[in-house]
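Have a look at the structure below, then the notes.
Along the sequence shown, residues are numbered consecutively beginning with 1.
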Amino acid sequence: MVPDNLTACGRPGGAPAAAVGPVGLPRSAGVVCVLVGIAGLSCWLLQLDPLRRVEPHLPLMRPPAAACCLLVGVALLSLDRDEDRDRDSGYGWRLRRRGTLAAGAAGLAAGANLVLLGTEPGVSRRLFPEAAGIDSFPRLMTGTGAVGACLVAVALLTLGTRRRSVAQPFALVSLGTAFVGLLAALYDVRSVSSVPLRTIMSVPTAVFLAVASVGVLAVVPGGVLPRIAAGSGSGSLLARRLLPVAASLPLIGGLCSYGRSAGWYGASTEMALMVIASVSLLLASVWRASVAVEQADAAYRRAQEELRAAEASTAREFQRVLLPATLPRMPGIETVARYVPAGDDAVGGDWYDVLPLPRGGVGLVMGDVEGHSATAAVIMAQARNVLRAYAAEGHSPGDVLSNLNRFVSDHTDCLITCCYLHLDPAARVVTAVTAGHPAPIVLTDDGGRHLPVHTGLPLGVDAAERYEERTTVLEPRSRLVLYTDGLIDERSLITDPDELLAVATALDTGTAPDTGTAAAIADALVRRSPDQPSFPDDTAVLVACLDQRQPDDTPGTATRVLASAPAAAPAARRFVHDVLTGWGLTPLQDVAELLASELVTNAILHTGGEVRLTLAQPGPDTLRIGVHDDSDRPARIGSPRPDDIGGRGLTIVDALADGWWIDPSPAGGKTVWLELTGRS
């Protein structure tokens with residue numbers, strides 16, 4: 001991309017404005033060409049040939065070449081922008097109206113010289129018979145000069161088209177032609193490989209072609225010269241250092257040749273001086289260029305390090321702002337979180353959250369976005385906010401992660417692991433769902449264990465993935481520990497979840513120095529002594545402790561909200577199975593799963609909206625199951641025909657339950673209750 005100082009701003013309609021190369025170079029080249037052209041024409045008109053007095057082999061520029069030089073200089077000057085007049089006219093307004101005429105005239109003059117070159121003496125005598133035999137007659141342009149002028153004219157004309165970059169090859173060939181002609185003139189080359197050269201380009205013509213070619217190259221947008229002039233890389237810097245050396249080599253050779261022709265020394269001395277001067281200049285320039293390149297590389301590395309440090313600082317601050325500054329105080333639970341960045345200050349996507357849920361309970365979240373960059377922090381913020389939105393709408397944990405998975409699959413290219421818990425502190429019931437994330441740890445008075453979970457795919461792998469929930473009844477005064485995989489990295493002190501479980505259990509049971517509260521457990525897990533390595537990955541820990549004053553015989557109640565979908569019945573059976581296992585009511589599991597499934601299915605088929613399933617344990621061997629819906633339609637036992645496949649739900653409930661009844665809700669809707677005892 002060409003920097004802003006090399007190209008003008010585009011016009012309002014979107015067309016690019018006149019391109020400007022390195023500042024002032026096109027105008028300077030135009031001024032030089034105009035001056036050289038005027039000088040050449042003036043010397044011819046006044047019969048002056050000053051170069052012959054200095055060096056016999058340096059003829060004056062011929063009149064056609066001087067005229068082309070003047071016209072090309074006018075064309076280069078016309079490339080200069082006029083903001084007021086170019087604003088609504090687009091690229092090349094002045095070039096097309098002024099420069100095109102001048103460049104076209106120069107091209108026609110040079111082309112005519114190419115045609116007439118072979119008959120130069122005859123044409124000259126016919127056009128200027130009075131000047132026959134006089135050395136100062138108006139000679140035609142040499143062949144090399146005519147070729148170079150044609151190329152420059154074509155390059156200038158091409159700049160007025162939409163394919164502006166085509167001008168660069170013509171200008172480069174013209175520059176090469178000028179360089180060869182300058183070398184031939186300065187070194188007095190009369191033949192190449194025993195082939196005599198019929199004409200030699202004069203020094204002024206070569207200078208004109210070189211300056212004009214450089215001016216054209218400076219205007220070509222994105223060309224070689226703008227990249228060299230404005231580039232910040234080592235290659236551009238080296239080229240800028242070596243270009244003056246290349247330009248000075250012909251001058252060195254000319255000076256050495258002049259000393260030989262003046263009789264100061266012989267041909268061998270001339271060659272030795274030229275080699276010594278050229279090599280010395282080249283070595284000095286290469287040494288200065290290498291020093292400049294090293295300085296530029298060092299400055300570039302420092303700038304890159306400063307940029308990375310600034311980006312990391314910005315990303316860390318961004319992540320710090322996104323993470324919750326304080327956790328909400330919830331009745332019946334104490335929560336503490338800790339976040340530790342990686343040892344190399346790399347920014348990651350770990351996050352945690354504690355959410356008060358609309359239908360009661362607490363949401364505990366722990367997530368980890370892959371990667372270590374500001375992008376990971378931004379995606380973390382998106383995922384955290386989307387999860388909070390779905391949880392606030394009252395979705396079940398499985399639906400929350402399923403919806404978040406679709407969002408991640410559709411809007412990002414990163415993978416995210418996440419663990420989401422729905423905790424009811426009063427009932428000590430937690431429903432967990434994970435997406436490729438390590439299972440939380442449960443610490444109790446009797447030790448510790450991993451929370452039973454069904455680990456699904458990470459978020460973003462498969463948009464159609466459905467996440468299965470597991471419900472667990474916690475012991476009184478249980479402690480939940482959620483963490484990211486930075487805590488069990490293979491380069492860290494703890495290498496696997498089982499080892500972390502042993503460490504956390506030791507901290508909780510008092511066999512380690514730091515024991516007691518949730519804050520003490522969290523601090524001990526993330527603490528590192530000076531002789532221990534820092535975490536290779538960013539790490540987050542969330543500890544949630546149930547109320548320590550809660551009695552052991554608290555009546556059990558577990559609630560689950562189910563969406564109106566076919567998957568509600570299997571989810572209800574899993575929920576009943578997990579809760580009854582925790583309550584120790586395994587003898588009632590089969591009947592309870594069947595009856596809960598029938599009630600949920602009836603509510604979904606005959607009513608609309610979501611369904612709330614409630615399990616209650618009023619006594620040691622008693623279970624109550626309630627299914628609430630928003631419909632006021634009464635539930636009745638049907639009389640299905642033998643060939644009907646439905647309509648027997650309440651009949652089954654009436655036959656297997658110890659009792660069932662309907663409890664209308666004052667706010668609308670109803671709850672169908674049934675009761676089972678250990679004698680069922």
Side-chain angles (χ1 to χ4, degrees), residues 357 359-361 393-400 402 422 424 427 429 431-433 454 466-473 556-583 585-586 588-617 622-638 640 644-665 667-676 680:
L357 300 177
R359 293 182 177 86
E393 291 179 353
H395 294 283
S396 65
D399 291 338
V400 168
S402 297
H422 182 179
D424 185 351
V429 174
T431 301
V433 57
H454 182 275
R466 299 293 301 180
Y467 293 93
E468 182 179 336
E469 304 170 359
R470 292 292 302 273
T471 301
T472 304
V473 179
T557 302
T559 302
R560 167 73 191 275
V561 178
L562 302 170
S564 180
R573 290 194 293 270
R574 287 195 300 270
F575 178 74
V576 172
H577 180 275
D578 293 339
V579 173
L580 295 188
T581 300
W583 285 348
L585 298 177
T586 53
L588 300 179
Q589 279 183 346
D590 294 337
V591 177
E593 290 179 28
L594 173 62
L595 298 183
S597 176
E598 291 295 334
L599 291 181
V600 169
T601 302
N602 280 344
I604 292 175
L605 292 178
H606 302 296
T607 65
E610 61 187 18
V611 175
R612 184 168 68 250
L613 173 62
T614 302
L615 303 180
Q617 188 183 13
T622 304
L623 173 66
R624 287 181 181 175
I625 302 175
V627 176
H628 176 82
D629 59 69
D630 295 333
S631 174
D632 294 327
R633 178 180 177 182
R636 297 188 180 91
I637 298 178
D644 289 342
I645 60 174
R648 298 179 177 85
L650 289 181
T651 303
I652 297 174
V653 170
D654 184 66
L656 297 180
D658 292 327
W660 68 279
W661 64 94
I662 300 174
D663 186 8
S665 175
K670 63 183 182 300
T671 302
V672 180
W673 289 96
L674 64 85
E675 185 173 282
L676 296 174
S680 299

| query | Could you walk me through whether Q589 and L585 pass the side-chain contact (heavy atoms from CB on, under 4.5 Å) check? | reply | CA-CA 7 Å; Q589 279 183 346; L585 298 177; over 6 Å; no

| So, for A603 and V627, which heavy atoms are closest and what is the spacing to 0.1 Å? | CB-CG1, 4.1 Å

| said: Working to the nearest 0.5 angstrom, can you tell me the gap between D590 CG and L656 CG? | reply: 11.5 Å

| Looking just at side-chain N and O atoms, do E675 and T622 make a donor-acceptor pair shorter than 3.5 Å? | no

| Taking only residues two or more places apart in sequence, or in another chain, which ones meet T601 in a side-chain hydrogen bond (donor to acceptor under 3.5 Å, both in side chains)? | none

| message | On a heavy-atom basis, which atom in L562 and which in A568 lie closest, and how many Å separate them? | response | CD1-O, 3.8 Å

| request: Begin from the C-alpha positions of Y467 and V400 and carry the test side-chain contact (heavy atoms from CB on, under 4.5 Å) through to its verdict. | output: CA-CA 9 Å; Y467 293 93; V400 168; over 6 Å; no

| Between I662 and P664, which heavy-atom pair has the shortest distance, and what is it? | O-CD, 3.5 Å

| task | Using the test side-chain hydrogen bond (donor to acceptor under 3.5 Å, both in side chains), find all partners of E393 that sit at least two apart in sequence or belong to another chain. | result | H395

| field | Residue pair S665 / H628: nearest heavy atoms and the distance that separates them | value | CB-CE1, 4.0 Å

| Passing option when L613 is tested against T559, V576, V561 for side-chain contact (heavy atoms from CB on, under 4.5 Å) | V576

| query | Is E469 reaching over with its side chain to a backbone N or O of G398, donor-acceptor style, under 3.5 angstrom? | reply | yes

| Between atom CG of L623 and atom CG of L676, what is the distance when rounded to the nearest 0.5 Å? | 5.5 Å

| Hey, does I604 have a side-chain heavy atom less than 4.5 Å from the side chain of E610? | no

| message | Show me the pairs that pass side chain to side chain donor-acceptor pair (under 3.5 Å) and involve residues 565-577, at least two apart or across chains. | response | R573-S597

| said: If I compare all heavy atoms of G582 with all of V473, which pair ends up nearest, and what's the gap? | reply: CA-CB, 3.8 Å

| Roughly how far, to the nearest 0.5 Å, is the CG atom of L650 from the CH2 atom of W660? | 5.0 Å

| message | Any side-chain to backbone donor/acceptor pair from K670 onto D629? Under 3.5 Å, distance only. | response | no

| query | To the nearest 0.5 Å, what is the distance between CD1 (I652) and CG (L599)? | reply | 10.5 Å

| Residue pair L615 / W583: nearest heavy atoms and the distance that separates them | O-CH2, 3.5 Å

| Nearest 0.5 Å, what's the CZ-CG distance between R560 and D578? | 10.0 Å

